[in-house]
Amino acid sequence: MTELLTVHEAAERLGTDVMTLVEIVNVGDIVPAISPKPRVLSGGEVWKNWREIRLSEDDIALFKAEISRRRFEDFKADYSDIYTPDSRPGGRGLDFGPGWTNIVKR
């Protein structure tokens, strides 16, 4: 069996924070190799047991793609001629969820 990474190890490897990974699991975008049981989203069980989350090498690739989607990396590249990041202190970047990307594109 392949070695599984803790949520801390995975976050470090992916260049993100632990709570971002836990949020992805909590909203059900990706279910990693091992996630807390019972997995009751509305009851917040994942949040109570987030230390139990383990990610495989296959999970790392899936989470990397999801993090890229949530950071709007493709969107920013595709629309670099009209999108300029707000680099001022407190700048918020794009202020909508990744599910809205196709609507904004249209």
Side-chain angles (χ1 to χ4, degrees):
M1 183 169 157
T2 182
E3 184 176 335
L4 298 176
L5 302 170
T6 67
V7 71
H8 286 285
E9 293 167 334
E12 184 175 316
R13 186 129 162 234
L14 290 164
T16 193
D17 58 276
V18 169
M19 288 299 109
T20 296
L21 297 185
V22 174
E23 172 64 14
I24 291 170
V25 174
N26 195 44
V27 299
D29 288 341
I30 301 173
V31 178
I34 298 176
S35 60
K37 304 292 184 215
R39 189 165 180 277
V40 179
L41 296 179
S42 61
E45 291 297 325
V46 170
W47 286 101
K48 291 179 188 174
N49 302 313
W50 62 268
R51 287 176 184 84
E52 297 174 18
I53 297 171
R54 297 292 181 269
L55 286 81
S56 69
E57 287 299 323
D58 292 339
D59 292 332
I60 292 295
L62 295 172
F63 274 81
K64 184 175 183 177
E66 179 60 17
I67 290 166
S68 176
R69 184 180 83 91
R70 287 169 175 247
R71 290 179 179 167
F72 306 102
E73 292 173 0
D74 290 342
F75 181 84
K76 289 174 182 177
D78 292 347
Y79 294 94
S80 61
D81 57 329
I82 58 173
Y83 172 75
T84 306
D86 184 355
S87 59
R88 297 176 294 177
R92 292 175 52 149
L94 296 172
D95 203 15
F96 56 85
W100 287 86
T101 306
N102 286 334
I103 295 167
V104 173
K105 285 180 180 181
R106 281 186 246 151

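Residues Gly15 and Arg71 share a closest heavy-atom pair of O-NH2, 3.1 Å. Of all heavy-atom pairs between Val7 and Leu21, the closest is O-CD1, 3.7 Å. Shortest non-hydrogen contact noted between Phe63 and Pro32 is CE1-CB, 4.1 Å. When all heavy atoms of Phe96 and Phe72 are compared, the pair lying nearest together is O-CZ, 3.0 Å.
Considering CZ of Arg69 and OG1 of Thr101, their distance stands at 7.0 Å, rounded to 0.5 Å. Separation of atoms OG1 (Thr20) and CG (Asp17) is listed at 3.5 Å; rounding is to 0.5 Å. Atom-to-atom distance recorded for Phe75:CZ and Trp100:CH2 is 13.0 Å, nearest 0.5 angstrom. Rounding to the nearest 0.5 Å places CD1 of Ile53 at 12.5 Å from CG of Leu4. Taking CD1 of Ile67 as the start and OG1 of Thr16 as the end, the distance is 4.5 Å to the nearest 0.5 Å.
Criterion: ILVMFWY side-chain heavy atoms under 4.5 Å apart, direct or through other members. Under it, Val22 and Ile60 are part of a common hydrophobic cluster.
No donor-acceptor pair under 3.5 Å is formed between the side chain of Asn26 and the backbone N or O of Glu23. In terms of modelled atom types and a separation under 3.5 Å, the side chain of Glu9 and the main chain of Thr6 share a donor-acceptor contact.
For residues 78-87, every residue pair satisfying the side-chain hydrogen bond (donor to acceptor under 3.5 Å, both in side chains) rule, not counting sequence neighbours, is listed here: Asp86-Arg88.
Using a 4.0 Å cut-off between charged side-chain N and carboxylate O, Arg13 and Glu57 make a salt bridge.
In Glu73, the CD atom is crowded: over 12 heavy atoms of neighbouring residues, nucleotides or ligands sit closer than 6.0 Å.
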